[in-house]
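Notes to accompany the following structure.
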Amino acid sequence: MQIEKIQRVLELHFNYYLLRRTPVFVYSMERSGSVALLNSLRACGVFVIGAHYLDPRKLATQRYSGSARWAMKHITSKRKPAKIISLVRHPIDNMLSTFARIDYGEQEARVGNGPKEQERLDPDQVSNEFRQAYLQTDRYLQPLQWFTSEFQAALGINVYNHPFDKKNGFAEFREGPYDVLLLRTELTDEEKGRLVADFVGVSEIEMASAGTPSKTRRRLPPGKPGDQTDYAAKYKALKEGVVISQPYLDAIVDSPFVQHFFTSAEQVAIWEKYGGDG
């Protein structure tokens, strides 16, 4: 592992300082589809770095990606030019995926429960656990605030000051030393590939799979789609059965995140799908 870290640092230095390549950051919140995009760019030979966190305060006190630490030290803290790509996922899909992975997935990996154990689920119990552990503890606010608490804190960019094409699901702009591309996760692979290829200056990008099979069930590969994981049954139960009460749904739909990135029709659809007395 230490050798791999050294090799990665040498690779970063070689591309940036010797080849003088402009770095591309896939800087996006967790469970947004960023791993698939990162793998797609790497497959095309793009000089790309993936990170969920670039805030110097967090990188200094917590164990995050070594590539992210390198990027913060050599690029963002010095305000050097870079291309930034960030994905915007449907907020409740992101919340359910995050909750299923953290609260269920890692537990299942530790105890070794398989699909048969997970098939015996009470959807009401799963949904109630989501409300108690995620909604009532205000964890649901974290993804809604990511572009302020993380993205703006690290880069000094307020994305809400820049228009977003809600119909086509993207925005591209320049602020300071950064070129920025924001993409809806729900865009098709073809649409993402075209927009990203134009942005980074390559002829074509073929989007890679969101996750690759793990060598052992006890590992949860980052970015693996929820319906392909060991906790798939619980993730499915959440998606199909969760009901969100009005105070929480108000906070979600009225948030700057949803208001800025999602159409009025999509906001109504959130209410229709998840609203209730849960």
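All values below come from the heavy atoms of this structure, side chains included, with hydrogens, waters and symmetry mates left out.
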Polar contact flag, side-chain donor to acceptor under 3.5 angstrom, His74-Tyr17: yes
For the student: nearest non-hydrogen atoms of Gly176 and Arg79, plus distance: CA-NH2, 4.1 Å
Parallel, tilted or perpendicular: ring planes of His90 versus Tyr274, cut at 30 and 60 degrees: tilted
Contacts of type side-chain hydrogen bond (donor to acceptor under 3.5 Å, both in side chains), residue Glu266, not counting sequence neighbours: Arg184, Thr263
Closest contact, heavy atoms only, Asp55 versus Ala153: OD2-CB, 3.8 Å
Ring geometry between Trp70 and Phe47 (parallel below 30°, tilted from 30 to 60°, perpendicular above 60°): perpendicular
Note: Glu191-Arg194 ion pair, threshold 4.0 Å (strictly below): no
Parallel, tilted or perpendicular: ring planes of Phe151 versus Trp146, cut at 30 and 60 degrees: tilted
Over 12 foreign heavy atoms within 6.0 Å of CD, Glu206: no
Cation-aromatic face contact Lys83/Phe199, 6.0 Å, 45 degrees: yes
Parallel, tilted or perpendicular, as decided by the 30° and 60° cut-offs, for the rings of His260 and Phe164: tilted
Closest heavy-atom pair and its distance - Ala71, Leu54: CB-CD2, 4.1 Å
Candidates Val24, Val26, Thr22, Leu38 - the one meeting side chain to side chain contact (heavy atoms under 4.5 Å, CB included) with Val46: Val24
Verdict with reasoning, Tyr134 to Tyr248, per ring pair (Phe, Tyr, Trp, His ring centres under 6.0 Å): CA-CA 11 Å; Tyr134 201 84; Tyr248 301 114; over 10 Å; no
